[in-house]
Q: 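The structure's right below; bear with me while I get my questions together.
Convention: sequence-line order gives letters A, B, ...; per-chain numbering from 1. Hydrogens, waters and symmetry mates are skipped; everything else that's a heavy atom, side chains included, is used. Quick caveat: nothing in here was measured; it's all calculated off a predicted structure.
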There are 2 protein chains.
Amino acid sequence: MRVSIKDIAEAAGVSHSTVSRALSDSPLVKAETKARIRRLAQEMGYTPDAIARSLVTQRTQTIGIVVTTITDPFVAEVVQGIEDMAHEHGYSVILASSAAEPERELAAVEMLRAKRVDGVVVTSSRVGALYLAHLERIGVPVVLVNNHNQQSGRYTFSVSVDNQHGGHLATAHLIRRGHRRIAYVSGPANHSDDAGRLAGYRRALEEAGLPFEAALVVPGNGRLDGGERALYVLKDLDTPPTAVFCYNDMTAIGLLSAARRLGIQVPRELAVVGFDDIPLAAHVCPPLTTIAQPQREMGRLAMGMVFDLMTADEAGGGFSDVTVEGKLVVRETT
Amino acid sequence: MRVSIKDIAEAAGVSHSTVSRALSDSPLVKAETKARIRRLAQEMGYTPDAIARSLVTQRTQTIGIVVTTITDPFVAEVVQGIEDMAHEHGYSVILASSAAEPERELAAVEMLRAKRVDGVVVTSSRVGALYLAHLERIGVPVVLVNNHNQQSGRYTFSVSVDNQHGGHLATAHLIRRGHRRIAYVSGPANHSDDAGRLAGYRRALEEAGLPFEAALVVPGNGRLDGGERALYVLKDLDTPPTAVFCYNDMTAIGLLSAARRLGIQVPRELAVVGFDDIPLAAHVCPPLTTIAQPQREMGRLAMGMVFDLMTADEAGGGFSDVTVEGKLVVRETT
DNA sequence: TTGTAAGCGTTATCAG
DNA sequence: CTGATAACGCTTACAA
């Protein structure tokens, strides 16, 4: 049997309210009895019941995280950033992965609502785009990481990398290296980040007076296999590209590994640039040139924003989306 | 304001208990009123309050996961397996990372206890080894993934890969390839998996009549940087090894990337074998030979075991630790 | 078939 | 300073 404040009260010969006060270090209780109660609680192995506490305080000290899958290294870094900051503030996190399945995405949102989380952060998931309304119904702050939201709501903001800027950075770098036929391997369908990166790519081409060729934009999925497959379609083009900008590092790494299998020399025959700068990017071979995003920091920022929104509450105002700029990290694939 | 069953009761002109029954599809309520109530609940945007429910049912439909860091690809896969299976059973997961900091490890356990999780699974964390007693105090099933536990408790079991077998597999493979000086780069200090893998390594050497040389066992940490550093110490040995078996894939990949920097040809000058077979192992270059563990499956197994333990409850008996065997996957680093 | 009432473990508001 | 007492939103006997 778990021991409750009632048990302690009995053992200490006081009322349960006094125990509650003593345990929360209220100044309303005599130092002496407080000490006695605390010692007793310790001895009896008492742990407060967060569930009961939440029922009355109406706060769970828990925030929800929704992701597509935690196995994506980018996501894992962001989640770690969130978790770190949450822990520093005494909060714990409930993790829900949506697997990009509509049924599961909706279930995740409902679950977070039922579990009464105090805030939620969504990253790399369609949930931010598709279920924003549901999310807002929860009535708690929501912050999206790299998920475009048309308009910030009262409690809904986002922290994102400047995708267009990053796409431009990557493509311009390739152009400076003398490439004229540059392909783009896209990310998961309908993902807002993808549109931005593509836009940056197009803008860079335009600025350089290079034509945009639809055939040079091939579909990927943000994962290793998507990158591999993309290379197979690119190599069969009438005039294959001499460089590729990939939606993210996983795509680029998949493509790199296909290149190796096909005997395509990187960067001599094909230059490649990724996006994210996941920890492994520097360790594949050749080491990957990429656009670095401060992944952990973005997680921390998002979590911090949720906290700010939680306390600001009715105070309103003063909030805005934050966007960080990616940095070009030149390694050996370009 | 959130709508509660009381609000629905009022709107429907029935008592709140009838609403509760209707919503839980109790046969004790007339089909007609049941339908009316459910429609009303729907219209009013009702979501049950899991907190309140938990307080009375004494179950939270939540399980705790403790890891060192979610950014380790092996951990991420296991966690995904756990989350998948949990979701299939209507459970959600609360994630706690310990960062291998004693303060945080203890905090994680206390938090899970306070939040009244129905079960916990620990993976790649010292928590299983160091805080087993605390963990058991929570009074719920605990399953450790790749964490040695001296003796299975009443509710404490583990699912692990056969480390010794895996270590033997890796080393024997290297020996068959003709290597005589084989190094081992170890994992995080005091990690039980490490001991097993090392034992397998030693046994393979022994069987082949090769001497064990302490100098050939160099410390790593299970991460990329540990692998990199390890190679720097290995290459400075009087007689450097011609092959290395690494604690895990991350270590091996770090080592591979250092090799590239140092101009050491793999596998010609140095063969390397990893452990885990993380998704990226096949995509580094050269593609990594490794010992594959069914990571997701292990996560699912662990979660399933927690469920079984939860329901078996007092029934007791019939449970035992499960150990799976790793498989040698030969790629191009050997 | 439905309603009343108790209780889950806390915190919080009153009185004393 | 301390003790009753009332919530918090739900489930579940026990009555009707």
Q: Could you tell me if Ser92(A) and Gln61(A) have a donor-acceptor pair between their side chains, going purely by distance under 3.5 Å?
A: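 No, because no side-chain N or O of Gln61(A) sits under 3.5 Å from a partner of the opposite role on Ser92(A).
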
Q: What is the distance, rounded to the nearest whole Å, between atom CD1 of Ile51(B) and atom C1' of dT11(D)?
A: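 After rounding, the gap between these two atoms is 15 Å.
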
Q: Test for a donor-acceptor pair under 3.5 Å between the base of dT13(C) and the side chain of Arg21(A), counting only N and O atoms.
A: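 Pair found.
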
Q: Is it true that Thr47(A) and Arg113(B) share a donor-acceptor pair across their side chains at a distance under 3.5 Å?
A: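 Note: Arg113(B) and Thr47(A) side chains meet the donor-acceptor criterion.
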
Q: So what does Ser4(B) hit on the nucleic acid, given a heavy-atom distance under 4.0 Å: a base, only sugar-phosphate, or nothing?
A: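 Sugar-phosphate contact only - Ser4(B) comes under 4.0 Å of backbone atoms but never of a base.
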
Q: Identify whether any heavy atom of Ser54(B) sits under 4.0 Å from a base atom; if not, whether one sits that close to sugar-phosphate; answer base, sugar-phosphate or nothing.
A: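 The residue Ser54(B) makes no contact with any strand.
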
Q: Using whole Å, report how far NZ of Lys34(A) lies from P of dG3(D).
A: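 In whole Å, dG3(D) P lies 15 Å from Lys34(A) NZ.
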
Q: Name the closest nucleotide to the Thr33(B) side chain, picking from dC1(D), dG3(D), dT2(C).
A: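 Of the candidates, dT2(C) comes closest.
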
Q: Can you tell me how far C1' of dA4(D) sits from NZ of Lys6(A), to the nearest Å?
A: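 Distance, rounded to whole Å: 13 Å.
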
Q: With a 3.5 Å cut-off and just heavy-atom distances, do the side chain of His16(B) and the base of dT11(D) make a donor-acceptor pair?
A: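 Side chain to base: pair present.
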
Q: Can you tell me how far C1' of dG9(C) sits from CG of Leu23(A), to the nearest Å?
A: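 Value for this atom pair: 12 Å.
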
Q: In whole Å, what is the span from the CZ atom of Arg59(B) to the C1' atom of dC8(C)?
A: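 About 15 Å, once rounded to whole Å.
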
Q: Taking the side chain of Gln58(A) as heavy atoms from C-beta outward, which of dC1(D), dC8(D), dT10(C) is closest to it?
A: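 Among dC1(D), dC8(D), dT10(C), the one nearest the side chain of Gln58(A) is dC8(D).
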
Q: Out of dG3(C), dT11(C), dC10(D), which nucleotide sits closest to the side chain of Arg53(B)?
A: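 Out of dG3(C), dT11(C), dC10(D), the nucleotide with an atom closest to Arg53(B)'s side chain is dC10(D).
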
Q: What integer distance in Å separates Arg2(B):CZ from dA7(D):P?
A: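 To the nearest whole Å, that distance equals 21 Å.
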
Q: Asp49(B) has a side chain; which of dC10(D), dG3(D), dT12(D) sits nearest to it?
A: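 Among dC10(D), dG3(D), dT12(D), the one nearest the side chain of Asp49(B) is dC10(D).
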
Q: With a 4.0 Å cut-off on heavy atoms, is Ser24(B) in touch with a base, just the backbone sugar-phosphate, or nothing at all?
A: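 Nothing, no nucleic acid heavy atom in range.
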
Q: What is the distance, to the nearest angstrom, from the CZ atom on Arg36(A) to the P atom on dT2(D)?
A: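 Whole-Å distance recorded here is 9 Å.
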
Q: Decide whether Tyr91(B) and Arg59(B) meet the rule of one side-chain donor and one side-chain acceptor closer than 3.5 Å.
A: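 Present: a donor and an acceptor within the cut-off.
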
Q: State whether Arg296(B) and Glu83(B) are salt-bridged, where the test is any N-O pair (Lys NZ or Arg NE/NH1/NH2 against Asp/Glu carboxylate O) under 4.0 Å.
A: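 Glu83(B) and Arg296(B): not salt-bridged.
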
Q: So does Ser20(A) reach the base of dA12(C) with its side chain, donor to acceptor, closer than 3.5 Å?
A: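 No, no donor-acceptor pair under 3.5 Å.
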
Q: For Lys115(B) and dT10(C), what is the distance between atoms NZ and P respectively, to the nearest whole Å?
A: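 Answer to the nearest Å: 15 Å.
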
Q: Does Ser15(B) make a side-chain N or O approach to OP1 or OP2 of dT2(C) shorter than 4.0 Å?
A: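 Checking Ser15(B) against dT2(C): no side-chain N or O falls below 4.0 Å of OP1 or OP2.
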
Q: Looking at dC8(C), dC10(D), dC8(D), which one has an atom nearest to any side-chain atom of Leu55(A)?
A: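 Nearest to the side-chain atoms of Leu55(A), counting from C-beta on, is dC8(D).
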
Q: To the side chain of Val56(B), which of dG7(C), dG9(C), dT2(D) is closest?
A: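 It is dG7(C).
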
Q: If we count only N and O atoms by modelled type, under 3.5 Å, do the side chains of Glu105(A) and Ser125(A) hold a donor and an acceptor together?
A: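 No, no side-chain donor-acceptor contact under 3.5 Å.
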
Q: With a 3.5 Å cut-off and heavy atoms only, can you find an N or O donor on one side and an acceptor on the other between the side chain of Ser17(B) and the base of dT4(C)?
A: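 Answer yes: a donor N or O sits under 3.5 Å from an acceptor.
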
Q: Just verifying a value: how many Å separate Phe307(A) CZ and Asp118(A) CG, rounded to the nearest 0.5 Å?
A: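 Phe307(A) atom CZ to Asp118(A) atom CG measures 9.0 Å (nearest 0.5 Å).
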
